S.K.: 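Have a look at this one.
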Amino acid sequence: MKMRALTLPIVAGLAAAGISPATAQELAIGLKSEATSMDPQFHQLSTNIQVAKNIFEALTTQDAVQKVTPGLAESWEAIDDTTWRFNLREGVTFHDGSEFTARDVIYSFCRIPLVQNSPSPFTIYSAGIADMTAEDDHTLTITTKATNPLLPTELWSLAIVSADTLGAEEEITYGPDGTCEGMGEVPQAPAFNSPDVAVGTGPYKLETYTRGSEVVLSRFDEYWGGTPDWERVVMRPITSDGPRVAALLAGDVDMIESPPIQDLPRIEDAGLKVVDALSNRVIYLHMQQLEDAPGISGTDGENPLLDPRVREAISLSINRDAIVERIMGGYAVAAGELLPPPMFGTSERPVDPYDPERAKELLAEAGYPDGFSITLGTPNDRYINDEQVAQAVAQMLAQIGIDTRVDASTASQFFSRRNDLEFPIYMAGWGASSGDMSSPLKSLVATYDPDTGMGPTNAGRYSNPEMDALLLEAMSTIDDTKRDRMLQEAETMVLNDYGIIPLHYEQTVWAMKPNLSYEPRVDQYTMATKVEPASE
Amino acid sequence: MTEIATNTPVRIDSPSKRIAKQFIEDPVAVVGLILFGLVALIAIAAPWLAPQNPYDLAQLNIMDSSLPPGETSFDTEMTYWLGTDQQGRDMLSAIMYGLRISLLVATVSLALAITIGTIVGVFAAFFGGRLDSIIMRIVDLQLSFPAILIALILLALLGRGVDKVIMALVIVQWAYYARTVRSSAMVERSKDYIDAARCLGLPSRRIMFRHLLPNCVPPLIVVATVQIAQAIALEATLSFLGVGVPITEPSLGLLIANGYDYLLSGNYWISVFPGIALVVTIIAINLVGDRLRDVLNPRLQK
């Protein structure tokens, strides 16, 4: 494991307080993918969130290393296990001049379940809120249904919109799961394509949103946090890697996200700046642990993946260092856990060794001395070099006798096929938005149960009731030390079972003109507000 | 030629002999034919010629990935004369196998499309009337869409795979043959020998396939040579776009696509060599096809 990759390199972002007029006027950013809507409550997708974060704010914020800091709430305290009091910032105005009050917060939370056709709704955060009351305009009490120590962390995901702009009535009463009163006619996501509706408190105002072409933001001069650095920001989706790099080299854009790793030497040779950070995203293999898994042959109809020895063999057959070195060009870190240590709930478990001989022995012990055939599903445009990594995994599995066919498809297709359990084994990634271990455990390995919302992304259908119980207990434990220990224990249970196989943590890379600075973010977001003119 | 005595008995060559004779008069076409023969030979003999089986994942090693041409493997003695791709696949072997897939897809789809197109075309011409109108409107409809669009839609529905690419190519191409065969059959149909056959009371099937069809073959050959080159290019395009053959069994188009991401970073060999192989193959076929067109065109006969 390389030391460079472990430390989080931080670019000195000591921008001068004033703006140097020569450079700090317009900022153009080349994005890898396009936001699907300007409604910050529509689609829980990093592509959307990173654009929305410039326009809208939340009660809390997270810094580059996912530490929770005050946002629109100046401070907060837990009154008891389920009640929190938030003191809202005073003197904050929306882009259209209306004042920010507790009513806007209640309206925003009420609107979340009313947003229609969301491909990935924000209700997973709002559903746990039992009640909200405004003691006065700037004091808000939130009651949760169950103990939720992560509430301040989760609040970062819930953007605050303007109640007045969206046509709410004077009095809004909170009711859980879309039963609020006084909401008026709630505008749906397409309405937010207009700057008159997409009104937030953030440092930038939406100027225009042209689908397929660009998002233009302009400076909000009355921003409570001080005058933003850029007068105008253009965010342009350039989905192909080559043209995105070319646009940066040609000076069409000032900064790009996710430059292809193989092009980094060329970018640096051209005198441009490259920054990178270890992300919270783990790339993993999930194996279908049901009796009748599809896509497996040579086993007389049995599912070999039900045997932990086979799963261990798969893990041991993978040369993670080779993948990191040869395919990721060193811009990744071999993973032994579901979240990179030292993040919350990690146990510093060592990375599984590369031991193909032992893997073959394990396969033989499990009754498959000649291996079997299997299909490995992977997206081909979602994660860094995903298709290449999957092929390398297939190669390594072939070497221990597991004949592997790679079935690569575009992300949307892959995810729906994966959710239909079409793949006996698949590769995907998980970024822990909350920055703590409960996130991957809850989504990836908790027993699948649509009623309780546990295991929504557990398409391997791994199930360990003991782990489930421990995880639930951890999720309602306020004491950090205790929770940390419980999460570590729960994760260790899963990994000892080889219920899921971590491959590597992605490293996120940005390239920009030398006169800019960007503090690389663990959450992989590219946010215009955090791009600063570098001090010379 | 003036020496030929008037009383020398005139030797009339068989048509195929005449065609062969005229064909070799053009040296460029001969070069094309030789090149195509070579390509076909490499494609057929790839499993015996290639230093590595690039489709057997167990033979690849990721530690050999992206080696420039002429480098040696890190653990075996093998030299990669054309370099390796990102998966450590020997490019020389990959190109040989890629040619094999490209030619296989093209010839199989060609054979199927010709069969279907010919039968449909002859039927349309021979029976005429409403059947003819219906068939030809279908052909018109299909030809009015770009081939690549139809193929893309089909593959999006069918999924990846060599068999699926072949199916898509057949569906895209049959209309060309149907139209060609129909138009020449229309001309032949009104000729006296068909009337004569009818008067003899021969069954329609026999007239169609024994009398009419053989006289429609020359234009068919010309269209086929042009179309086979197009089929190869179309398969390469589809694979390049990522909807063709599976990624672990790359054809030329997919090899080019794999290397495309690396072109700007200096690893030119992943794209360039398969690209050259593709260009040579298509040019060779086109040279042969052009000459055949000239030779078979009655208007250009001396």
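By convention in this document, chain letters (A, B, ...) are assigned in the order of the sequence lines, proteins followed by strands, and residues within each chain are numbered from 1. Just so it is clear, the values below take in all heavy atoms, side chains as well, and ignore hydrogens, waters and symmetry mates. What you see is a predicted model, and the numbers here were worked out from it, not measured in a lab.
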S.K.: So which residue, A:Gly401, A:Gly242, A:Ala398, ends up with the most heavy-atom pairs under 4.5 Å with chain B?
M.R.: A:Ala398
S.K.: Using a 3.5 Å distance criterion without hydrogens, assess whether the side chain of A:Asp386 forms a donor-acceptor pair with backbone atoms of A:Asp381.
M.R.: yes
S.K.: Do B:Tyr80 and B:Asp64 have a side chain donor and acceptor closer than 3.5 Å?
M.R.: yes
S.K.: Heavy-atom pairs under 4.5 Å with chain A: which of B:Asn267, B:Asn61, B:Asp56 has the most?
M.R.: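 Answer, by heavy-atom pair count under 4.5 Å with chain A: B:Asn61.
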S.K.: I'd like to check A:Trp510 versus A:Met255 (side-chain heavy atoms, cut-off strictly below 4.5 Å). Are they in contact?
M.R.: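 Yes - at least one pair of side-chain heavy atoms lies under 4.5 Å apart.
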S.K.: Let me know if A:Arg266 has heavy atoms under 4.5 Å from chain B in its side chain, its backbone, both or neither.
M.R.: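 Side chain only.
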S.K.: Side chains of A:Glu257 and A:Thr526: any donor to acceptor distance under 3.5 Å?
M.R.: yes
S.K.: If I measure from the heavy atoms of chain B, does A:Asp263 come under 4.5 Å with its side chain, its backbone, both, or neither?
M.R.: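 Its backbone and side chain both get close to chain B.
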